[in-house]
Amino acid sequence: AGIAFLWFAVALRMWLSRMTSTQDVLLSNVQLVSAIIFIALFLAGAAASTVLAVSVEFSDYPVDPGAARQFPQFGSALLLVFSMRMAAMFVFTTSAIARRHKVLPRWFVGAGYVVGLFLLLVATLNRLLVLVFPIWILILSLILLLKARRIPRDGQEPTPDGAVGAST
């Protein structure tokens, strides 16, 4: 999932830079960095959540009960608290770029700000929180797929203003 999201984030960044006449370097870089930090925290949270199982499987020493309680909580905190804040930054920056250049529907940009605020401000360890960001990504992917279907196949690409021009 982390590798797929990294590919998605870079492809989205490339698509946005191609669809806009001017690139907002600050927002584009914050978008990429927040995606990378999200993935790092996501993977660190997954590793911390599985350290107990790895210890039991590969160690001959008894498992410390304190560590057995702490590592899953640490993994949950990394995933549900810290990585969700980076997901919020990714949503905010994507929505800001899309709003500024009008490359995504207005309703989706507005929903992006709501999702970003939700991910940023919710303080819970409820595992359902993890579904909010992938659902937003899924909807964004569907919008991008629908936009890609509208690109003419004869070698001409739409410009940011919607006109069709010759490709380079």
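Applying the side-chain contact (heavy atoms from CB on, under 4.5 Å) test to Val114 and every residue at least two apart in sequence or in another chain returns nothing. Partners of Arg99 under the side-chain hydrogen bond (donor to acceptor under 3.5 Å, both in side chains) rule, at least two apart in sequence or in another chain, are Tyr113. Partners of Thr93 according to the side-chain hydrogen bond (donor to acceptor under 3.5 Å, both in side chains) rule, which considers only residues two or more places apart in sequence or in another chain, do not exist here. Residues passing the side-chain contact (heavy atoms from CB on, under 4.5 Å) test with Val122 are Phe118, Thr124, Leu129, sequence neighbours excluded. Legend: residues meeting side-chain contact (heavy atoms from CB on, under 4.5 Å) with Pro72, ordered by chain and number and at least two apart, are absent.
Counting only residues at least two apart or in different chains, salt bridge (Lys or Arg N to Asp or Glu O under 4.0 Å) contacts with residues 22-49 comprise Asp24-Arg100. Identified under the salt bridge (Lys or Arg N to Asp or Glu O under 4.0 Å) test for residues 66-81, with sequence neighbours left out: none. Contacts classified as salt bridge (Lys or Arg N to Asp or Glu O under 4.0 Å) and involving residues 44-54 (residues at least two apart or in different chains) are not found.
Using a 4.5 Å heavy-atom threshold, the side chains of Thr22 and His101 count as touching. Residues Phe8 and Leu140 form a side-chain contact, since some pair of their non-hydrogen atoms from C-beta on lies under 4.5 Å apart.
Nearest heavy-atom pair across Ala98 and Val109 is CB-CG2, 3.8 Å. Smallest separation of non-hydrogen atoms from Gln31 and Leu16: NE2-CD1, 3.8 Å. Nearest approach of Leu119 to Arg85, heavy atoms of both residues: O-NH1, 3.4 Å. Trp15 and Val103 get closest at one heavy-atom pair: CH2-O, 3.8 Å. Scanning all heavy atoms of the two residues, the minimum distance from Gly116 to Ala88 falls at O-CB, 3.4 Å. Scanning both residues, Gly112 and Val91, for their nearest heavy atoms gives O-CG1, 2.9 Å.
Rounding to the nearest 0.5 angstrom, the gap separating the NZ atom in Lys102 from the OG1 atom in Thr20 is 13.0 Å. Remark: Ile97 CD1 to Leu104 CG distance equals 10.0 Å, nearest 0.5 Å.
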Audit row: Phe92, Leu120, side-chain contact (heavy atoms from CB on, under 4.5 Å) steps and yes/no: CA-CA 10 Å; Phe92 281 140; Leu120 188 65; 3.9 Å; yes
side-chain contact (heavy atoms from CB on, under 4.5 Å) between Arg13 and Asn29, worked out: CA-CA 9 Å; Arg13 178 183 164 127; Asn29 286 335; 3.2 Å; yes
Intermediate values then yes/no, ring-ring contact (aromatic ring centres under 6.0 Å, His included), Phe38 and Phe5: CA-CA 10 Å; Phe38 169 77; Phe5 180 68; 5.4 Å; yes
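Taking Ile, Leu, Val, Met, Phe, Trp and Tyr as hydrophobic and joining them when side-chain heavy atoms fall under 4.5 Å apart, one finds Trp7 in a cluster with Ile3. Hydrophobic clustering, defined by side-chain heavy atoms of Ile, Leu, Val, Met, Phe, Trp and Tyr closer than 4.5 Å, leaves Leu145 isolated from every other such residue.
Hydrophobic cluster membership is shared by Val33 and Leu26, with clusters built from Ile, Leu, Val, Met, Phe, Trp and Tyr side chains linked at under 4.5 angstrom. The cluster map of Ile, Leu, Val, Met, Phe, Trp and Tyr, joined by side-chain heavy atoms under 4.5 Å apart, puts Leu12 and Met14 in the same cluster. Following chains of ILVMFWY side-chain contacts shorter than 4.5 Å, one can reach Leu80 starting from Leu121, so the two form part of one hydrophobic cluster. Met19 and Leu142 are members of different hydrophobic clusters when ILVMFWY side chains are connected at heavy-atom separations under 4.5 Å.
For Phe108, the CZ atom counts as densely surrounded, since its 6.0 Å shell holds more than 12 non-hydrogen atoms of other residues, nucleotides or ligands.
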Which atom pairs, donor and acceptor, lie under 3.5 Å between side-chain atoms of residues 132-139 and protein residues at least two apart or in another chain?
none

Below 3.5 Å, can you tabulate the donor-acceptor pairs from side chains in residues 40-50 to any protein atom, sequence neighbours excluded?
| unit_1 | atom_1 | unit_2 | atom_2 | d |
| --- | --- | --- | --- | --- |
| Ser49 | OG | Gly45 | O | 2.9 |
| Thr50 | OG1 | Ala46 | O | 3.2 |
| Thr50 | OG1 | Ala47 | O | 3.1 |

